[in-house]
Trainee: 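Mind looking over this structure? Questions follow.
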Amino acid sequence: MAQPDATPAHTPDFDRPVRIRAGFQLTFDVPYPTPMLFVVQPRDRLEPTGTRQRIIDQRPLGAAQGIHTYTDTHGNTVWRTVAQPGTFTIGHDLIAETTRNPDPAHPTLPKTPVEGLPDETITYLLPSRYVDSDLVSADAWERFGHIQGGWAQVQAISDYLNDTCTYGYGSTSATTAFQALGSGRAVCRDFAHMGVAFCRALNIPARYVCGYLPDIDITPDPVPMDFHAWFEAFIDGQWRTFDARHNRPRAGRLIIAQGRDASDVAFTTSFGSARLTHMKVWADETTPDTTLDTPPNPRIF
């Protein structure tokens with residue numbers, strides 16, 4: 001198994017929840033009125049696995065004030081607006097609480113046969129825009145088909161991707177899982193797509209997840225914060241978290257959205273010309289007395 005990409009900064013306290021200050025600000029250059037969608041707002045969640053996510057307070061920034069919202073077919077909150085010509089800035093600031101425990105691991109969980117899967121999971125077995133699982137099927141069965149157990153197979157996928165793919169920019173917004181595998185270079189979006197593709201090829205439902213991943217109970221990463229992507233596999237009746245990019249249990253994940261692939265949960269979609277000129281994302285552990293009126297951590301800005 002791949003080694004952790006960071007060392008613990010202190011002894012974690014798993015007996016209490018953790019509070020996180022998170023948010024983003026995006027600035028676009030817009031030449032003419034342009035309809036835009038944003039999938040950027042987390043919501044309250046209570047998963048069957050026991051993981052919970054509670055939004056304590058939130059505040060729109062810039063053009064997000066008064067924006068129209070709706071819920072898509074995957075249960076995600078979508079912002080809808082028309083960006084006006086000039087400099088268009090939009091953002092969100094929030095305080096959330098989630099479970100401090102790192103991602104749970106259940107190495108002995110079995111694999112559910114296709115005929116035993118719930119109807120609503122079947123769509124997550126099929127190829128999608130960026131998950132060309134049909135093209136990796138032969139490779140998937142050759143590498144992982146002999147492994148017994150659902151969790152064991154998915155963990156083997158994560159180990160393989162973490163060991164063989166170098167983290168780094170090189171892909172584009174059009175790169176598919178098959179293309180990323182061929183290049184051997186990937187960002188978190190690609191790691192998630194590749195993990196989902198291998199799972200689906202092995203008849204394990206899998207979906208793409210995007211959100212915030214703060215540096216909780218690890219040495220802080222000096223690289224500027226960004227949105228993060230990982231994936232979930234449906235194993236033994238529940239969706240389970242896997243992150244081939246880091247390949248270690250992490251605490252403090254804040255889920256923004258889930259879908260078949262990045263096309264369902266892109267943080268921004270424009271129906272016209274809108275050039276992103278500036279982006280900043282923050283996600284840090286904070287204290288119970290912090291409010292949105294409290295000046296943010298200097299590391300954020």
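Side chains are part of it too, since the values below use all heavy atoms of this structure and drop only hydrogens, waters and symmetry mates.
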Trainee: Please name all residues satisfying side chain to side chain donor-acceptor pair (under 3.5 Å) with Ser128, sequence neighbours left out, ordered by chain then number.
Mentor: Arg200, Asp261

Trainee: List in chain and number order the residues that pass side chain to side chain donor-acceptor pair (under 3.5 Å) with Arg19, two or more places apart in sequence or in another chain; answer none if no residue qualifies.
Mentor: none

Trainee: Less than 6.0 Å separating the ring centroids of Tyr124 and Trp239?
Mentor: yes

Trainee: Return all side-chain donor-acceptor pairs below 3.5 angstrom for residues 182-189, not counting sequence neighbours, or 'none' if the list is empty.
Mentor:
from   : atom 1 : to     : atom 2 : distance (Å)
Ser183 : OG     : Ala180 : O      : 2.9
Ser183 : OG     : Arg185 : N      : 3.2
Ser183 : OG     : Arg185 : O      : 3.1
Arg185 : NE     : Tyr169 : O      : 2.8
Arg189 : NH2    : Ser173 : O      : 2.8

Trainee: Which pairs pass ring-ring contact (aromatic ring centres under 6.0 Å, His included) with one or both residues in residues 203-222, sequence neighbours excluded?
Mentor: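 Sorted result for residues 203-222: His193-Tyr208, Tyr212-Phe227.
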
Trainee: Applying side chain to side chain donor-acceptor pair (under 3.5 Å) as the test, list every pair that has at least one member in residues 32-41; sequence neighbours left out.
Mentor: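 Qualifying pairs, neighbours excluded: Gln41-Gln58, Gln41-Trp79.
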
Trainee: Using distance alone, with no hydrogens and no angle criterion, decide if Thr99 and Asn101 have a side-chain donor and acceptor under 3.5 Å apart.
Mentor: no

Trainee: Quick one: salt bridge (charged side-chain N to carboxylate O under 4.0 Å, His left out) pairs with a partner in residues 67-90, sequence neighbours left out?
Mentor: none

Trainee: Going by the rule salt bridge (charged side-chain N to carboxylate O under 4.0 Å, His left out), which residues pair with Asp132 if we only count those two or more places apart in sequence or in a different chain?
Mentor: none

Trainee: Tell me every residue that passes side chain to side chain donor-acceptor pair (under 3.5 Å) with Thr89, counting only those two or more places apart in sequence or in another chain.
Mentor: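 Partners of Thr89 under the side chain to side chain donor-acceptor pair (under 3.5 Å) test: Thr27.
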
Trainee: Has Thr290 got a side-chain atom pairing as donor or acceptor with Thr286's backbone, closer than 3.5 angstrom?
Mentor: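 No, Thr290 side chain to Thr286 backbone: no donor-acceptor pair under 3.5 Å.
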
Trainee: Between Phe144 and Phe198, is the gap from one ring center to the other below 6.0 Å?
Mentor: yes

Trainee: Give every residue pair that meets the salt bridge (charged side-chain N to carboxylate O under 4.0 Å, His left out) criterion with at least one member in residues 225-235, sequence neighbours excluded.
Mentor: Arg207-Glu232

Trainee: To which residues is Trp230 joined in a hydrophobic cluster, defined by side-chain heavy-atom contacts under 4.5 Å among Ile, Leu, Val, Met, Phe, Trp and Tyr, whether direct or through other members?
Mentor: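 Reading the cluster by chain and number, Trp230 sits alongside Val209, Ile255.
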
Trainee: With under 30° as parallel and over 60° as perpendicular, where do the rings of Phe88 and Phe28 fit, or are they tilted in between?
Mentor: tilted

Trainee: List the atom pairs, donor and acceptor, that lie under 3.5 Å between side-chain atoms in residues 107-122 and the rest of the protein, sequence neighbours left out.
Mentor:
from   : atom 1 : to     : atom 2 : distance (Å)
Lys111 : NZ     : Gln153 : OE1    : 3.0
Lys111 : NZ     : Leu202 : O      : 2.6
Thr121 : OG1    : Pro118 : O      : 2.8

Trainee: Kindly indicate, with the supporting measurements, whether the criterion salt bridge (Lys or Arg N to Asp or Glu O under 4.0 Å) is fulfilled by Asp29 and Arg275.
Mentor: CA-CA 5 Å; Asp29 179 29; Arg275 184 173 64 89; 3.7 Å; yes

Trainee: Without swapping roles, check the side chain of Asp284 against the backbone of Arg21 for a donor-acceptor pair under 3.5 Å.
Mentor: no

Trainee: For residues 135-147, which residue pairs pass the salt bridge (charged side-chain N to carboxylate O under 4.0 Å, His left out) check, not counting sequence neighbours?
Mentor: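 Every salt bridge (charged side-chain N to carboxylate O under 4.0 Å, His left out) pair that includes a residue of residues 135-147, provided the two are not neighbours, is Asp139-Arg143.
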
